[in-house]
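Notes for the one structure printed next.
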Amino acid sequence: MTAPLDVSGSDATAAPDAVVEGSPAKAIQGRSLGQIAWLRLKRDKVALVGAGVVIFLILVAVFAPWIVSLIGHPPNDFNQDLISSETLAPKDGTGISGEHLFGVEPVNGRDIFSRVVYGARISLLIAFLATLLSVAIGTVLGVVAGYFGGWVDSVISKTMDVFLAFPILVFAIALAGVVPDDAFGLSGDALRVSLLVFIIGFFNWPYIGRIMRGQTLSLREREFVDAARSLGARGPYIIFREMLPNLVAPMLVYATLLIPTNILFEAALSFLGVGVRPPTATWGGMISEAVRFYSIPHFMFFPGMAIFITVLAFNLFGDGLRDALDPRAR
Amino acid sequence: MSAPEPLLSVQGLEKHFPVTKGLFKRQVGAVRAVDGLDFDVVKGETLGLVGESGCGKTTTGRLITRLLEPTGGKIVFEGTDISHMSQGGLRPLRRDMQMIFQDPYSSLNPRHTVGAIVGAPFRIQGVKTEHGTKKAVQDILELVGLNPEHYNRYPHEFSGGQRQRIGIARTLALKPKLIIADEPVSALDVSIQAQVVNLLEDIQNELDLTYVVIAHDLSVVRHISDRVAVMYLGKIVEIADSKSLYTSPMHPYTNALLSAVPIPDVRRRTERTRIRLQGDVPSPLNPPPACRFHTRCWKAQDICKQVEPPLSELATGHQVACHFPENARATQDTHPQDVVSQDAVPAEPGPAAD
Amino acid sequence: MSFLELKDLRVHFPTDDGLVKSVDGLSFSLERGRTLGIVGESGSGKSVTSLGILGLHKGGRAKISGEIWLDGEELVSASAEHVRTLRGKKMAMIFQDPLSAMHPYYTVGAQIIEAYRIHNKVTKAVARKHAVDMLGRVGIPQPERRVDSYPHEFSGGMRQRAMIAMALSCDPELLIADEPTTALDVTVQAQILDLMRDLQQEFDSALIIITHDLGVVAELSDDILVMYGGKCIEYGTAEDIFERPEHPYTWGLLGSMPRLDRDRGDRLIPIKGTPPSLINIPSGCAFHPRCVYEDRTAGAARTDVPELLETEGGHLVRCHLPVEERRAIWENEIKPNLESV
Amino acid sequence: MVTYIIRRLVWAVAMLAIVSMITFGIFFLVPRLAGATSESLAARYVGRTAGVEEVKIAAERLGFNDPLIVQYGRFAKGIFVGAEYDYGPASEYCPAPCLGYSFISQLPVWPDLVNRLPVTFSLALGAAVIWLIAGVATGVLSALRRGSVFDRAAMTVALAGVSLPIFFTGIVSLVVFSYGRPFAVTAPGGTYTPFVSNPALWAYGMILPWITLAFLYAAGYARLTRSGMLETMNEDYIRTARAKGLKERVVVTKHGLRGALTPIVTIFGLDVGLLMGGAVLTESTFSLPGLGKYAIDAITNQDLPKVIGVTLLTAFFVVLANLVVDLLYAVVDPRVRLA
Amino acid sequence: GGGGTPATSQSGSAAPDGGGAKPEFNAALTQVFNPSDKKGGILKFANAGDWDSLDPADTYYGYSWDFVRLYGRSLVMFKPAPGKDSSQLIPDLAESLGEPSDDAKTWTYKIREGVKFEDGTPITSKDVKYGVLRSLDKEVFPDGYTYFNDTLDLPKGYKGPYKSKGVNTDSAIETPDDRTIVFHLKQAYSGFDYFAQLPATIPVPEAKDTGAKYQEHIISSGPYKFDKNEIGKGFNLVRNENWDPATDPNRKALPDGYEVTVNVNADDIDNRLLSGDLHVDIAGTGAQPATLGRVLTDPTLKAGTDNPTITRLWYTSVNGNVAPLDNIDCRKAVQYAADKVAYQTAYGGEFSGGQIATSLLPPGIPGHKDINPYPSGSDGHGDPAKAKEHLTACGQPNGFETNIAYRAERPKEKAAAEALQQALGKVGIKLTLKPFPQADYFALYAGKPGYAKDNKLGLVVNGWGADWPDGYGFLQQIVDSRVIRDTGGSSNVSVRIPDVNKLLDQASLETDTAKREEIWGQIDQMVMDNAFVLPGLWAKSLLIRGKGVTNVYYSDAFGMYDYLNMGLE
Ligand SMILES: Nc1ncnc2c1ncn2[C@@H]1O[C@H](COP(=O)(O)OP(=O)(O)OP(=O)(O)O)[C@@H](O)[C@H]1O
Ligand SMILES: Nc1ncnc2c1ncn2[C@@H]1O[C@H](COP(=O)(O)OP(=O)(O)OP(=O)(O)O)[C@@H](O)[C@H]1O
Ligand SMILES: [Mg+2]
Ligand SMILES: [Mg+2]
Ligand code: NI
């Protein structure tokens with residue numbers, strides 16, 4: 001029997017319009033969550049500034065040689081004509097001039113501007129690569145633990161516990177200290193950078209791992225995973241097609257938030273003298289040298305600010321990204 | 001009518017979830033979520049599965065679709081025993097057996113477009129269609145009452161009812177024979193619920209489907225089921241065709257359940273007297289012995305605590321597991337509530353064992 | 001004046017996406033000893049209304065206007081502090097999900113005692129005794145022992161009983177139950193509904209019960225208010241609403257409900273489309289995009305907001321259709337379809 | 001509950017064993033991988049004038065020729081029953097818990113660690129108190145006045161706080177408040193006076209390190225508390241508390257903060273545990289003779305037994321903190337008790 | 001250790017006896033500043049690092065030798081007097097300086113009467129002998145010097161009293177009675193009194209000796225004894241009641257005690273010195289760079305400082321074992337290319353760094369001649385043209401690559417390495433910096449010939465201070481190729497010239513001082529000609545006088561203030 005109200009055939013087609021009424025145009029192409037996050041991010045001015053600074057810093061790092069050849073002096077060149085031989089400080093206090101935007105170092109008169117610019121390379125390179133390593137290990141193990149559960153999960157989770165119980169900094173310093181200058185077929189900056197990347201990345205993965213495991217566990221409970229399984233999907237399909245797209249967002253957020261941590265970590269190691277070898281400029285290394293010249297504050301100020309601004313920018317961007325991708329956190 | 005070969009036959013189905021403890025995962029007990037189910041589903045019919053929360057409905061559904069591995073018993077689908085078949089072996093069979101999920105929000109991957117979601121069965125099963133997957137998907141979208149142009153939209157752009165339609169579209173993609181629907185409408189608003197219920201009925205007729213519908217809402221089950229099975233603590237206590245179950249329930253639990261459902265009818269509210277069960281469903285970790293309902297049953301006698309009543313056919317197509325069934329020879333024309341008010345109700349709410 | 005009277009209550013939330021008009025001009029009144037049922041689809045503004053009465057939107061982002069008179073006092077303009085002193089004592093509330101509505105870190109008893117001691121200057125021991133009493137009254141077995149349990153140690157039904165005990169601990173004159181049984185099983189729901197009915201009679205309070213289950217409303221309510229898009233679209237006694245509903249939306253609700261007393265094969269009569277967004281409430285009658293009879297209003301439904309008008313004996317309806325036409329449609333087109341076999 | 005505690009204890013002990021194995025393995029294996037021999041390892045213990053023979057003998061004596069497992073076994077045994085260390089003229093009994101013996105300073109490591117512990121404790125606990133109070137208070141206020149000037153200012157400062165390297169803030173504070181003349185208060189950094197000998201001087205010497213360390217953590221805790229509070233204040237049970245007619249202050253503290261506190265307590269426990277093993281950067285910036293400085297000095301001198309000792313002690317604190325936090329969790333959150 | 005006769009730059013007129021100097025720059029260089037005999041007070045010392053050891057047998061730091069005299073008395077000591085006078089040896093525990101036999105192979109000392117250990121037991125010659133013998137065990141005392149090992153006529157295979165228990169050592173040291181001690185040398189050595197002033201001759205009671213642990217409970221023979229001693233943190237000295245001033249004409253013992261803190265932040269030490277919180281920076285190496293700017297620009301602060309030249313050479317070893325530096329022209333190219341001014345700046349410039357060195361021997365060491373074999377251009381910034389010439393001669397016209405080692409913990413050495421890297425880079429010599437941990441610098445890395453060769457450590461940043469102000473004390477350890485051991489550990493990293501060894505032997509036999517001093521000059525010239533050492537600078541330091549401290553004066557012998565007779569106002 002058919003009642004006048006029985007319009008199930010036609011009602012449904014009308015329905016979506018009601019839903020999208022709010023949106024401006026009747027776009028056929030739907031907006032993905034990524035696009036929505038982007039829209040939200042675009043409204044977050046602070047995060048955009050952070051993103052701008054991050055991009056700027058990356059460009060600075062990439063084009064460091066070029067920038068320095070335009071303004072400034074090679075980072076390791078001495079300019080001792082600017083240094084007072086009595087006090088070892090720059091003659092006019094800082095050495096800041098059109099030639100030396102940030103002034104020069106005491107003692108040898110190296111150009112602080114170009115050292116800061118070159119420092120960005122080391123800092124960002126190590127932070128990025130280490131983050132990549134952490135995220136790679138963390139994601140793989142986290143997803144494996146979360147997806148397979150059982151003893152696999154037990155083993156991986158306990159491994160993470162063990163890792164988290166290590167005094168990472170002490171360990172990293174000690175490790176960076178015991179490895180000689182030529183090892184594993186590498187030497188010089190290449191060795192130090194790889195070593196630092198390895199140490200920082202390797203000790204940080206459990207943080208990402210835990211998050212990824214949690215996310216995977218909660219995804220595994222979601223019914224769409226069951227839906228895929230009931231369609232006969234195999235493990236790889238579920239992991240890569242169903243879960244992974246949902247893991248990209250948290251992965252991105254935590255990677256963005258891990259980068260500043262790693263920058264600070266690298267700076268700390270350089271500060272303690274186990275980072276990249278001198279004379280290669282690093283921010284932490286510059287600060288540790290500047291400590292001896294605390295009465296010449298600009299020496300400490302610029303690398304300090306470089307770290308601060310970089311870390312702050314990443315944090316701002318990361319916070320904004322998190323808010324955009326996870327509106328609940330707002 | 002000669003009994004047709006059942007499409008799905010479940011015999012003695014069991015699922016015990018181990019409860020472990022300690023560093024070495026010692027098993028200290030088991031949640032007897034499903035504890036010996038027997039039922040058949042005949043082609044073209046709809047079997048409703050009702051019961052209170054935690055009685056094992058979802059587990060049953062997931063066992064049939066083999067998302068869970070049964071602890072015991074047999075599941076025979078189209079004459080094939082699939083109870084312990086490997087996932088690889090199941091793959092081709094999965095085309096014929098699909099599942100609709102309860103929560104329209106978590107059952108659709110938020111990162112996939114509607115097209116990808118509904119097209120997934122084709123991709124996973126490697127099915128090629130004549131005019132390409134997209135055309136096929138759009139046809140199905142149309143079938144479930146969605147605009148085919150929504151192919152490229154994402155789930156979050158749809159309302160709950162529409163999402164449920166997308167979920168249904170996905171199950172229909174490969175033209176299955178059996179659909180297990182786990183609480184397909186319980187997350188939806190009444191007005192939307194009706195749309196979906198109607199849709200389920202329509203496509204059943206159109207595509208000649210067989211349903212197992214799981215729900216806790218007796219009204220919904222009554223509305224769409226040919227036969228209904230009532231579960232209590234992992235067991236079926238009564239199974240019968242819809243009409244006889246609702247009009248002359250034999251198991252006290254069914255009776256109580258029916259009488260507890262509020263009726264949107266102001267005239268009757270004063271007339272009705274109800275059976276009020278006391279307490280909650282006991283934990284499946286430690287189910288009561290013998291008849292599991294005896295702790296809450298007002299008719300319970302010593303035998304109920306000692307001997308488990310078998311599920312036996314007391315009327316044609318009406319099986320019940322009770323030592324003291326009601327309405328054993330009940331007439332078919334009395335109204336359920338009237339029946340209840342006439343003979344089953346003790347003056348006091350049942351002296352349930354506490 | 002009635003015990004509780006709402007006059008043109010509006011609760012609006014400014015959000016990033018626009019102004020959410022969750023409650024938009026709601027008026028009703030309620031006497032002591034009577035039960036009002038508020039029904040409506042998800043998002044129609046039921047919870048916002050109840051929280052508004054308790055003053056729980058104060059201090060938030062909500063913009064509230066209109067008047068709420070409770071026992072001769074106006075609450076919207078009253079100070080937040082004054083409204084606070086009324087909460088719990090004069091008016092109390094039961095929430096939908098008793099697990100999340102109770103603090104997981106405090107025992108059930110502690111939470112009842114706390115509620116009691118805010119408004120009664122008594123010692124802990126006295127309050128505790130009272131809490132045990134209340135738990136017993138709502139039918140929790142062995143209340144002396146259970147008073148020290150944590151919420152997670154209770155089953156769903158017991159939690160809701162405890163929640164009720166907490167709400168009733170100070171003898172409130174107005175009790176609002178927001179979907180008190182939605183999270184519960186039918187058998188437990190029946191127990192709770194019985195309990196609420198008994199308690200209301202005992203305490204002689206005014207009771208507002210909010211739900212989207214028409215069955216529950218029918219069981220308990222004297223009067224029923226149907227909400228749609230933040231507005232009341234129909235108000236009347238339970239008989240009015242179930243026997244002589246006049247609004248197409250109410251018809252839709254009745255038609256959508258699968259009923260235990262109707263058989264398989266009876267087709268449900270759903271309402272097409274989906275509930276409106278409260279940011280972009282459809283022009284005119286908010287229901288018009290889903291209304292089958294919209295074309296019979298000569299376009300008025302699209303442009304003009306219909307008035308809430310009394311048809312007879314306190315039965316109010318907000319519809320452009322002429323009264324006679326509405327009654328005719330009900331009698332001839334809808335009612336026959338709803339009648340079972 | 002009892003079985004739960006036992007289970008946690010067993011795991012804690014197992015974890016320490018694993019950590020010690022890995023630590024031991026890494027510090028003795030990595031140098032070997034990088035080309036060190038038993039002799040070159042021993043060489044650093046025999047002084048500048050030893051001949052080839054002496055080095056060989058020393059390597060033998062120090063057991064560098066034994067397989068790693070044997071060496072570890074000896075080390076592990078020392079922890080429980082003590083060990084005899086032959087340092088040449090005589091041997092010294094290093095009583096349990098013997099965390100190794102430094103052949104450079106000719107001292108067992110354990111008394112050294114015990115010696116340094118009060119400094120690190122003073123630093124960690126003092127700073128912890130400050131940051132907990134400051135961070136949580138700021139976080140709560142920010143959450144309650146969300147969007148206000150206070151909130152924005154506090155969160156800006158907090159963000160800056162987590163973005164500044166601690167050695168930088170430390171040095172700046174030293175320069176401004178101690179070395180430099182503008183606010184010279186004469187060197188409250190770098191002087192540790194034991195509490196028992198002079199509490200006032202003790203506190204005076206610790207003020208700058210405390211504040212520097214606490215600033216970093218307080219910033220993090222303020223952010224954490226704020227987001228935690230925002231989350232809990234949206235919980236249903238807060239609405240219930242309000243519906244009871246509770247005063248807002250009570251709602252916030254008794255109900256809101258209580259709910260938000262659990263994750264903070266967890267992280268607090270872990271942070272303090274980690275700091276107990278030495279705030280490496282703070283201690284080296286302020287030259288505080290605590291475990292962190294000890295670790296750095298040991299690393300500089302390549303004094304492996306000390307490095308291993310201090311690493312293990314730190315790990316011990318972390319594991320202990322984990323344990324305490326877990327047990328505390330069970331106390332704080334009744335839902336966990338059944339586990 | 002170190003010291004020297006006053007350098008040309010700082011010779012001033014000695015003030016009249018007893019007259020104090022005015023508070024002005026360099027006031028304590030040649031006279032006693034703030035002289036006083038007031039007793040009482042606690043002197044506060046601080047050390048940025050830590051002692052190698054407090055044990056007299058195991059300590060090899062100049063400041064430690066300076067300080068050890070407060071709690072230990074060696075046979076002979078440097079005179080506690082300002083400037084040049086301090087180089088003079090005077091008897092301490094002994095009644096007089098050593099009595100040599102005619103061939104200078106036997107030296108006899110007589111111990112004063114009435115000297116006692118802190119526990120009241122009399123000090124005998126056996127205790128002195130034991131002290132020297134135990135210092136021979138380099139396994140137990142790895143830090144110390146080996147002068148006694150190398151020169152005493154010990155029984156073959158003798159390994160010190162711990163390992164060679166009961167071996168008769170009379171062939172090396174005889175104690176005919178409780179007051180007499182006789183040293184027998186393998187070879188004649190005319191300067192044995194310098195050995196006798198070494199802390200190793202401080203008496204140690206055998207019964208109380210705990211080997212390596214002795215440093216925790218040292219038995220004092222001086223005016224002060226240990227009260228509380230926490231290794232790694234600091235210690236206190238209090239008066240030793242069993243020290244009898246009558247037996248000791250050299251020590252005033254003014255303060256009631258000493259409070260020494262170790263491992264204090266170096267900048268903090270300077271600030272506390274300036275503020276009066278602290279009396280002495282015990283390391284005596286001078287102000288930190290940050291303080292430098294502050295002190296030198298403020299006349300009042302500057303007036304409270306002294307700026308002596310010390311007998312220390314900062315230099316870089318040029319390792320002839322590493323190709324192409326095995327070619328003398330390549331080495332010379334390095335000499336010419338080096339930027340001496342940058343080198344000087346790296347160490348702190350004129351005031352705290354020192355004076356540019358043109359050869360090994362510092363001006364304060366007798367035998368020093370002003371030579372400059374490799375003039376560093378007109379302005380001291382190097383002579384690239386000359387360097388190129390030599391590069392061509394060496395067959396590397398475009399330069400070459402090699403490594404430069406330095407001690408990681410020493411920022412000045414790092415700066416020097418960077419300076420060389422810069423300067424040498426200009427002529428195509430590409431240096432790679434190789435930092436090594438200070439603790440193992442000589443034992444495992446730069447000082448280990450095999451390692452240095454395998455790892456191409458062509459240049460090794462180095463430094464050396466005279467153990468005592470005499471050519472032998474300055475040169476022997478850094479130019480004698482026989483001190484180089486395959487197992488590493490020697491400070492001489494690069495000088496392997498047989499003729500130099502011969503000259504050294506010749507000098508130690510030479511009893512005529514003038515002739516001896518002539519030889520030191522020859523050696524200096526010879527090493528420079530072979531270009532195995534790139535001299536950097538002769539060190540100076542900027543010392544801050546503690547506020548309210550009396551009897552402050554600079555001791556050439558130690559290259560820092562003399563700690564023996566300081567007191568408080
Ligand atoms: N993976 C599992 N591990 C352990 N116990 C489980 C698991 N899944 C379900 N259970 C338990 O099995 C019992 C039956 O669960 P099931 O979900 O089948 O009930 P249901 O009838 O679907 O209930 P609802 O109406 O609440 O959905 C419950 O007690 C549940 O706690
Ligand atoms: N604090 C708030 N800020 C913004 N919008 C709000 C807020 N609270 C409620 N709303 C909106 O007001 C509308 C009405 O909400 P309300 O909770 O009253 O619905 P309801 O009728 O109780 O629905 P349900 O049946 O789902 O409980 C919803 O659209 C909701 O999104
Ligand atoms: Mg279920
Ligand atoms: Mg609601
Ligand atoms: Ni019909």
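In what follows, every chain begins at residue 1, and chains take the letters A, B, ... in the order their sequences are listed. This is a predicted model, so every value here is computed, not measured.
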Study note, to complete from the structure: Bottom line for Phe308(A): the part with an atom under 4.5 Å from chain D's heavy atoms is both

Review point. Any side-chain heavy-atom pair from Phe168(D) and Ile307(A) closer than 4.5 angstrom?
Key: no

**Study point:** Segment of Ala295(D) engaging chain A (4.5 angstrom heavy-atom cut-off)
**Key:** side chain

Review point. Rounded to the nearest 0.5 Å, what separation is found between the CG atom of Leu164(A) and the CE atom of Met15(D)?
Key: 8.0 Å

Exercise for review: Measure distances from Val307(D) to the heavy atoms of chain A and classify the residue's part below 4.5 Å as side chain, backbone, both or neither.
Suggested key: side chain

Check your understanding: Which atoms of Leu272(A) come close to chain D, meaning under 4.5 Å heavy atom to heavy atom: side chain ones, backbone ones, both, or neither?
Key -> side chain

Check your understanding: Of the backbone (N, CA, C, O) and the side chain (C-beta and beyond), which part of Leu159(D) lies under 4.5 Å from a heavy atom of chain A, both, or neither?
Key -> both

Point to revise | Option that, when pairs with chain A are counted at under 4.5 Å, heavy atom only, ranks first among Leu16(D), Thr23(D), Ile166(D), Leu312(D) | key: Thr23(D)

Point to revise | Atom pair CZ/OG of Phe314(A) and Ser163(D) - distance to nearest 0.5 Å | key: 11.5 Å

Practice item. Determine, stepwise, if the pair Val162(A) / Ile22(D) fulfils side-chain contact (heavy atoms from CB on, under 4.5 Å). Key: CA-CA 10 Å; Val162(A) 170; Ile22(D) 295 178; 4.2 Å; yes

Exercise for review: Determine the option with the most heavy-atom pairs under 4.5 angstrom with chain A, choosing from Asn234(D), Val310(D), Leu270(D), Val280(D).
Suggested key: Val280(D)

Exercise for review: Could you tell me which portion of Ile173(A) (side chain, backbone, both or neither) has an atom closer than 4.5 angstrom to a non-hydrogen atom of chain D?
Suggested key: both

**Study point:** Engaged part of Ser284(D) at the chain A interface, taking heavy atoms whose separation is under 4.5 Å
**Key:** side chain

Review point. Measuring heavy-atom distances to chain A, does Thr169(D) have an atom under 4.5 Å in its side chain, in its backbone, in both, or in neither?
Key: neither

Review point. Checking heavy atoms, do the side chain of Ala160(D), its backbone, both or neither come under 4.5 Å from chain A?
Key: both

**Study point:** Side chains of Phe271(A) and Ile171(D) in contact at under 4.5 Å (non-hydrogen atoms)
**Key:** yes

Study note, to complete from the structure: Taken to the nearest 0.5 Å, the spacing of Asn315(A) CG from Arg223(D) CZ works out to 6.0 Å

Check your understanding: At a heavy-atom separation under 4.5 Å, does Ile309(A) approach chain D through its side chain, its backbone, both, or neither?
Key -> neither

**Study point:** Leu164(D) CG to Leu264(A) CG distance, which is reported to the nearest 0.5 Å
**Key:** 8.5 Å

Point to revise | Close side-chain approach of Phe167(D) and Val291(A), heavy atoms under 4.5 Å | key: no

